[in-house]
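Note that the structure is a prediction, hence the values are computed from the model and not measured.
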Amino acid sequence: FATFLAAAGILMLHTTQEAGHVVIGRLMVLAAIFLVVWAMHVFNWRADGLDLKVDMSYEDHVGPVALVGSILTALLLSSIHAAYSFVE
């Protein structure tokens with residue numbers, strides 16, 4: 001999902017020079033970078049727990065919420081920008 005989010009952000013950066021597209025594209029790329037870094041953190045945390053045979057909860061409570069939130073925010077911002085551009 002981070003790849004799709006980054007690809008959409010890069011597409012918005014390079015298709016037009018409108019300030020709204022550039023800002024939304026940069027936010028989408030930053031959200032994708034955050035998701036990749038978080039996924040790497042969770043992977044290493046779980047791998048360390050398994051290597052040390054620690055009895056712990058391996059659930060990720062932040063990642064899925066951040067993923068859905070970033071996708072919904074990107075969709076909402078893109079829709080608002082498209083509606084605003086249509087009205088002008």
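Both Leu13 and Ile33 belong to a single network of hydrophobic side chains, linked directly or stepwise wherever heavy atoms of I, L, V, M, F, W or Y lie under 4.5 Å apart. Residues Val62 and Val37 do not share a hydrophobic cluster, clusters being chains of Ile/Leu/Val/Met/Phe/Trp/Tyr side chains in contact below 4.5 Å. In the hydrophobic clustering of this structure, Val29 groups with Val22; members are Ile, Leu, Val, Met, Phe, Trp, Tyr whose side-chain heavy atoms approach within less than 4.5 Å, directly or through other members.
Heavy-atom contacts from other residues, nucleotides or ligands closer than 6.0 Å to CE of Met56 number more than 12. Other residues, nucleotides and ligands place no more than 12 heavy atoms under 6.0 Å from the CZ atom of Arg26. Crowding of Tyr84 atom OH: a count of heavy atoms from other residues, nucleotides or ligands under 6.0 Å not exceeding 12.
The closest side-chain heavy-atom distance from Tyr58 to Leu50 is below 4.5 Å.
Atoms CG and CG, on Leu35 and Leu30 in that order, are 11.0 Å from each other to the nearest 0.5 Å. Atom CE in Met12 sits 12.5 Å away from atom CD1 in Ile10 (nearest 0.5 Å). Summarising the geometry, atom NE2 belonging to His21 is positioned 11.5 Å from atom CG belonging to Leu77; distances are rounded to the nearest 0.5 Å. To the nearest 0.5 Å, the span separating CZ on Phe43 from CG on Asp48 amounts to 9.5 Å.
Closest approach of Ala66 and Phe34 over heavy atoms only: CB-CE2, 3.9 Å. For Ala74 against Leu5, the heavy-atom pair with the smallest separation is CB-CD1, 4.1 Å. Shown here for Ala32 and Ala2, the closest heavy-atom pair between the two residues is CB-O, 3.4 Å. The minimum heavy-atom distance between Glu18 and His81, with the atom names listed, is OE1-NE2, 3.4 Å. Across all non-hydrogen atoms, the minimal contact from Met28 to Ala8 is CE-CB, 3.3 Å.
Inspection of the Asp60 and Trp38 side chains reveals an N or O donor paired with an N or O acceptor under 3.5 Å.
Looking at Ser78, its side chain never comes within 3.5 Å of a backbone N or O of Leu75 through a donor-acceptor pair.
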